[in-house]
Amino acid sequence: PEGSPPTAVATVSQYACQRRTTIENNNKIFTDAFEVLAESYEFNENEGPCLAFRRAASVLKSLPWAVECLGATEDLPCLGDHTKAVMEEILLYGRSLQVESILSNERYQTLKLFTSVFGVGPKTAEKWYRRGLRSFSDILAEPSIQLNRMQQTGFLHYGDISRAVSKAEARALGNIIDEAVHAITPDAILALTGGFRRGKEFGHDVDFIVTALELGKEESLLLDIIDRLKHHGILLYCDYQASTFDISKLPSHRFEAMDHFAKCFLILRLEGSQVDGGLNIAEGDSRGWRGVRVDLVSPPVDRYAYALLGWTGSRQFERDLRRFARSEKRMLLDNHALYDKRKKEFLAATTEKDIFAHLGLEYIEPWQRNA
Ligand code: 8DG
Ligand code: MN
Ligand code: MN
């Protein structure tokens with residue numbers, strides 16, 4: 001029956017790109033714990049165990065049933081001794097001592113707080129922590145600290161940016177950007193990507209891909225959109241990065257490296273009147289608007305499918321697509337291209353389905369990529 005482990009268990013792949021993972025997570029008690037552990041290892045720059053816990057969490061997220069005893073995990077990939085010990089503790093006592101000790105650890109709490117500011121990564125957070133700073137007021141009162149523009153914005157809009165963006169807010173922003181895009185170029189393509197394309201109810205930002213049918217027009221299109229948003233008085237922050245895309249380069253090995261397309265990281269002003277059901281803001285907040293983080297990426301139209309696949313995520317899904325391509329197919333995949341190392345050739349794609357087919361993978365729908 002539904003909700004319990006099937007008797008004839010189909011093998012679960014070690015690759016997230018061979019699993020279907022919806023937003024329904026039946027094993028949240030475990031995956032929340034693993035995420036704390038992964039983050040803690042990340043703060044300590046211990047990449048191995050960090051990835052191991054993220055992979056384990058991803059496997060559990062894909063299960064259509066809840067793990068109720070350790071025996072049920074026997075045939076699952078990516079679950080090591082450490083992972084299983086944490087699971088056993090949670091099954092027995094409802095909590096993990098290691099996770100609780102991390103959550104009450106001052107260093108973890110401080111790094112978590114500092115990295116919640118837009119523009120502050122683990123390196124900066126660590127530097128501030130080592131200087132004895134523990135709170136936002138410590139940072140803002142420290143005269144020797146020079147915040148960059150992104151970090152200043154992060155503090156200025158902290159309340160808005162750290163508040164989840166709802167699906168209705170994402171839709172309203174889609175309308176605003178759609179209006180801008182089509183006022184500039186009637187035959188431009190605009191697509192929602194990121195977590196909202198995967199069917200998530202809430203996100204930390206809203207991600208869009210925009211491109212022009214005429215090759216080479218995509219970069220000026222992005223600049224024109226930014227101009228228009230500025231004119232409408234809704235551009236609260238804009239970090240524009242010009243394209244550094246080079247068609248002759250092989251796909252990158254490093255996942256964490258950003259792609260080379262023209263893009264911008266924005267904060268837009270969204271009016272309550274534009275959102276069905278109203279804004280997701282604090283009770284008692286009477287401004288009638290809020291700031292929302294928006295990412296726009298603008299690939300050349302012939303790279304649209306690769307960009308869409310890369311920006312739809314989840315991050316774990318992307319990691320495993322690349323790992324699968326490299327380890328199982330001797331191909332290199334990134335947000336720009338797919339390269340077959342044996343045939344020594346680039347593989348063209350106009351849709352995401354083409355890319356899955358090149359990789360010999362069954363197509364996974366966007367809402368099944370919540371790995
Ligand atoms: P969320 O916003 O709802 O929290 O989740 P998300 O939509 O999955 O995360 P995201 O941080 O907005 O990233 C969406 C995808 O974009 C993710 O799979 C990684 C991908 N991505 C790139 N390049 C870049 C980049 O340069 N910066 C960021 N932030 N994301 C990038 O492929
Ligand atoms: Mn997003
Ligand atoms: Mn984003």
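First listed ligand is number 1; within each ligand, the first listed atom is number 1. All residue numbers refer to positions in the sequence shown, counting from 1. All values below were derived from every heavy atom in this structure, side-chain atoms included, with hydrogens, water molecules and symmetry-related copies excluded. Note that the coordinates shown come from a computational prediction; the quantities given were computed from them, not determined experimentally.
For atom 5 (O) of ligand 1, the nearest non-hydrogen atom of the protein is Lys200 NZ, 3.7 Å. Scanning all protein heavy atoms for the shortest distance to atom 17 (C) of ligand 1 gives Arg315 CG, 4.1 Å. Scanning the protein for heavy atoms near atom 14 (C) of ligand 1, the closest one is Trp311 O, 3.7 Å. Here the heavy atom of the protein found nearest to atom 6 (P) of ligand 1 is Gly195 N, 3.7 Å. Closest to atom 20 (C) of ligand 1 among all protein heavy atoms lies Gly310 O, 3.7 Å. For atom 8 (O) of ligand 1, the nearest non-hydrogen atom of the protein is Arg198 NH1, 2.9 Å. Looking only at heavy atoms of the protein, atom 18 (O) of ligand 1 is closest to Gly313 CA, 3.1 Å. Atom 4 (O) of ligand 1 has His204 ND1, 2.9 Å as its closest protein atom, hydrogens excluded (heavy atom only).
Sorting the N, O or S atoms of Asp205 by how far they are from the Mn ion (ligand 3) puts OD2 first. Nearest N/O/S atom of Asp207 with respect to the Mn ion (ligand 2) is recorded as OD2.
The aromatic ring centroids of Tyr158 and Phe136 lie less than 6.0 Å from each other.
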>> Please evaluate residues Tyr237 and His157 with respect to the criterion ring pair (Phe, Tyr, Trp, His ring centres under 6.0 Å), reporting the C-alpha separation (whole Å), side-chain torsions for both, the decisive distance (0.1 Å), and the verdict.
In response: CA-CA 10 Å; Tyr237 172 83; His157 296 285; 8.3 Å; no

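Taking every non-hydrogen atom of Gly203 and a distance limit under 4.0 Å, the qualifying atoms of ligand 1 come out as 3 (O). Close approach of ligand 1 to Asn335 (heavy-atom distance below 4.0 Å) involves ligand atoms 22 (C), 23 (N), 32 (O). Within ligand 1, the atoms closer than 4.0 Å to a non-hydrogen atom of Gly194 are 7 (O), numbered from 1 in the order shown. Listed by number with element, the atoms of ligand 1 under 4.0 angstrom from any heavy atom of Met258 are 25 (C), 26 (O).
Taking any N or O of Ser314, backbone or side chain, none lies under 3.5 Å from an N or O belonging to ligand 1.
Across all non-hydrogen atoms, the minimal contact from Ser13 to Gln18 is OG-OE1, 2.7 Å.
Looking at Asp205 against ligand 1, both its backbone and its side chain come within 4.0 Å, counting heavy atoms.
The cationic group of Arg198 does not satisfy the cation-pi geometry with Trp367, failing either the under 6.0 Å distance to the six-membered ring centre or the 45° limit from the ring axis. Both cation-pi conditions hold for Arg134 and Tyr129: the charged atom is under 6.0 angstrom from the six-membered ring centre and inside a 45 degree cone around its axis.
Here the side chain of Arg290 pairs a donor or acceptor atom with the backbone of Asn280 at under 3.5 angstrom. Without hydrogens or angle criteria, Arg369 side chain to Phe317 main chain gives no donor-acceptor distance under 3.5 Å. For Glu39 (side chain) and Val36 (main-chain N/O), no donor-acceptor pair under 3.5 Å exists by modelled atom type.
Residue side and main chain included, Asp295 places no N/O/S atom under 2.8 Å of the Mn ion (ligand 2).
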